[in-house]
Amino acid sequence: MKKLLFSIVFALFFLTGCEKITTVPAPSSLFVLTDEVTADGIQAGDGSKEFKAAYQDYEILVSLSPSEIPNQAMPMRRIPFDREITTMIANFFINGTPMTPEDICQEEGIESHQLLGLLSSDEYLRKHEVLYRYLIFYWKDGVITHIASEELNYNETYETPKGL
């Protein structure tokens with residue numbers, strides 16, 4: 001199940017690949033939820049105004065179908081908050097450092113189509129801790145109805161012990 005979820009989530013990054021992104025990677029503190037309230041004070045019942053103020057600096061992935069994982073990067077001004085949608089903020093953490101797919105590609109000198117192979121390789125995972133964290137917002141009629149924060153640990157998903 002974890003590998004299937006990983007594959008779906010990772011496929012989202014092929015949509016953005018290693019292109020230039022004008023947003024910043026989200027810090028680990030962004031993904032902390034306390035009683036369904038984000039570190040930025042966003043909670044169920046808040047609307048697009050609060051969401052935009054808190055997350056305008058991050059890439060927002062959107063699903064126009066509530067049953068799908070957000071898969072389309074969209075500028076804030078184009079997100080149809082009044083529909084039943086799901087939005088997501090996500091990024092990788094390599095050895096604790098927040099990184100976008102573009103950052104990883106640039107640092108490793110690879111193309112976007114090589115990213116999955118790199119992040120799932122035994123060699124890379126033996127030397128790096130790779131986490132993928134995401135914050136998901138569920139919307140209906142212009143307000144947030146639910147928020148979830150999750151992470152995928154690539155080292156556990158691919159069962160590669162670090163340091164061997």
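Numbers here are sequence positions counted from 1.
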Working for side-chain contact (heavy atoms from CB on, under 4.5 Å), residues Tyr58 and Leu30: CA-CA 11 Å; Tyr58 305 110; Leu30 184 110; 3.5 Å; yes
Tell me, with the steps shown, if Ile136 and Ile147 meet side-chain contact (heavy atoms from CB on, under 4.5 Å). CA-CA 6 Å; Ile136 301 176; Ile147 304 170; over 6 Å; no
Stepwise, does the side-chain contact (heavy atoms from CB on, under 4.5 Å) test hold for Phe92 with Asp103?
CA-CA 10 Å; Phe92 289 100; Asp103 295 334; over 6 Å; no
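The distance from the OG1 atom of Thr97 to the CD atom of Glu107 is 8.5 Å, given to the nearest 0.5 Å. To the nearest 0.5 angstrom, Thr145 atom OG1 is 9.0 Å from Glu36 atom CD. The CD1 atom of Ile104 lies 12.0 Å from the OG atom of Ser112; values are rounded to the nearest 0.5 Å. Rounding to the nearest 0.5 Å places NZ of Lys127 at 12.0 Å from CG of Asp122. Ile69 contributes atom CD1, which lies 10.0 Å from atom OG1 of Thr86 (distance to the nearest 0.5 angstrom). The structure places OG of Ser63 at 8.5 Å from CD1 of Ile85, a figure rounded to the nearest 0.5 Å.
The side-chain hydrogen bond (donor to acceptor under 3.5 Å, both in side chains) search around Tyr55 returns Thr38, not counting sequence neighbours. For Glu84, the side-chain hydrogen bond (donor to acceptor under 3.5 Å, both in side chains) criterion is met by no residue, not counting sequence neighbours. Looking at residues two or more places apart in sequence or on another chain, you find a side-chain hydrogen bond (donor to acceptor under 3.5 Å, both in side chains) between Ser67 and Ser65. By the side-chain contact (heavy atoms from CB on, under 4.5 Å) test, Arg78 is found to be paired with Met74, Pro75, residues two or more places apart in sequence or in another chain being considered.
Closest non-hydrogen pair, Asn153 versus Asn155, comes out as OD1-N, 2.8 Å. Counting all heavy atoms, side chain and backbone alike, Ala73 lies closest to Glu59 at CB-OE2, 3.4 Å. Nearest heavy-atom pair across Ile94 and His128 is CG2-CD2, 3.7 Å. Nearest heavy-atom pair, Gly96 versus Glu129, reported as atom, atom and distance to 0.1 Å: N-OE1, 4.4 Å. Between Pro27 and Pro98, the closest heavy-atom pair is CA-CG, 4.4 Å. Nearest heavy atom pair, residue Ile79 against residue Ile60, reads CD1-CG2, 3.6 Å.
Side-chain contact check for Trp139 and Thr87: at least one donor-acceptor pair (N or O, by modelled atom type) lies under 3.5 Å.
Transitive grouping of hydrophobic side chains (ILVMFWY, heavy atoms separated by less than 4.5 Å) keeps Val32 and Ile89 in distinct clusters. Linking ILVMFWY residues whenever their side-chain heavy atoms come closer than 4.5 Å, directly or via other members, places Phe81 and Leu64 in the same cluster. Cluster membership check: Leu135 does not share its hydrophobic cluster with Val143, using side-chain heavy-atom separations under 4.5 Å among Ile, Leu, Val, Met, Phe, Trp and Tyr. Residues Tyr138 and Val37 do not share a hydrophobic cluster, clusters being chains of Ile/Leu/Val/Met/Phe/Trp/Tyr side chains in contact below 4.5 Å. Tracing side-chain contacts under 4.5 Å through hydrophobic residues (I, L, V, M, F, W, Y), one reaches Leu33 starting from Leu131; they form part of the same cluster.
Using a 30° and 60° split on the angle between ring planes, Phe93 and Phe31 fall in the perpendicular class, above 60°.
Sorted by first and then second residue, the salt bridge (Lys or Arg N to Asp or Glu O under 4.0 Å) pairs involving residues 133-144 (not counting sequence neighbours) are Arg133-Glu151.
Centroid-to-centroid, the aromatic rings of Tyr124 and Tyr154 stay 6.0 Å apart or farther.
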Pair up each side-chain donor or acceptor in residues 40-53 with any protein partner under 3.5 Å, not counting sequence neighbours, and list the distances.
residue: Asp46; atom: OD2; partner: Gln43; partner atom: N; Å: 2.9
residue: Glu50; atom: OE1; partner: Gly47; partner atom: N; Å: 2.8

